[in-house]
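One structure is given here, and the rest of the page talks about it.
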Amino acid sequence: MSVVERPPLEQQVTLVELVDRVLGKGVVITGDITLSVAGVDLVYVGLRVLLSSVSALEAAR
Amino acid sequence: MIHLYAFACGLRELPPDAECVQIGGMSAVVGRIADGDRCDSHDDVVRHGLVVEALVERADGVLPARFGERFTDIEALERAVSARSVELERRLRDMRGCVELAVRVGRTSRDVQRDGLDGASYLRARYRAAAEDAAAVSELHAALQLRARATAVSEQVAGSLLHDAGYLVGRHEIDEFARDVDAYASRHPEHTVVCTGPWAPSSFAGAA
């Protein structure tokens, strides 16, 4: 049986924060920013990005 | 297409796959997007964040751009930035020598127990606990504010999350700031305190 280790909690927390910062903060120059990521509204995409990235990390182990 | 990551001053080294466009006194750090590439995958979001954060150690000041700022070419970027260059250069100056530290405080211990309490007593106990939490967090924020050049407190706190704020802190003040946070965490074992950073100061970059 293979055991998939989850990334350390600390790593997950910082990844969540990184994504939140990228999507919800920062200066806007044109006001015409991308409204969706992979077809999902940016309002909802943060958690999906996290889950996807954690899955990718786990798969890479 | 051009993808804007951030503006920087005192830029010493570029992160991998990033380019620099000098506009006035600012370095616009950008990436190239191949024609037809939407560049909106989950990995693109994470990559954007990693490039911006890499600039923190490579520049004296960083003004992060929100994900999704696209321009057809360098000239279009220059036109858009030039129209707001005075304001952007002022904001970038404010970020020089600073990083952002994020602090979140949550209640660790379980909510007030209902066992043995009548309704009114239970509500009073809950009110008292909430007031104590608010006072403790207010004390923490006041202490951290003294270390910070600016603060950005989120109004979106609910449930067990009591405090969520970003603090713009001079690089040389990071250790003192962390010590204040540690001291608070020691005095308040009923709270979980998470301090992350140093980050690029995204909370202070402002929106259009």
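Sequence lines set the chain letters: A, B, ... in the order given, protein chains first and strands last, and positions in each chain run from 1.
For a residue to count as touching a neighbouring chain, one of its non-hydrogen atoms must lie under 4.5 Å from one of that chain's; by this rule L50(B) touches chain A with backbone and side chain alike. Of the two parts of F71(B), only the side chain, counted from C-beta on, holds a non-hydrogen atom closer than 4.5 Å to a non-hydrogen atom of chain A. Heavy atoms closer than 4.5 Å to chain A are found in the backbone of A200(B), but not in its side chain.
Other residues, nucleotides and ligands place no more than 12 heavy atoms under 6.0 Å from the CG atom of D17(B).
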message = Show, in sequence, the C-alpha distance, side-chain angles and deciding distance for Y167(B) and H141(B), and conclude whether the ring-ring contact (aromatic ring centres under 6.0 Å, His included) test is met.
response = CA-CA 10 Å; Y167(B) 296 85; H141(B) 182 60; 5.5 Å; yes

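A donor-acceptor distance shorter than 3.5 angstrom exists from the side chain of H48(B) to the backbone of A65(B), with no hydrogens or angles considered.
Two residues are said to be in side-chain contact when any heavy atoms from C-beta on lie closer than 4.5 Å; V56(B) and R171(B) meet this criterion.
Of the listed residues A83(B), A80(B), S203(B), the one with more heavy-atom pairs under 4.5 angstrom with chain A than any other is S203(B).
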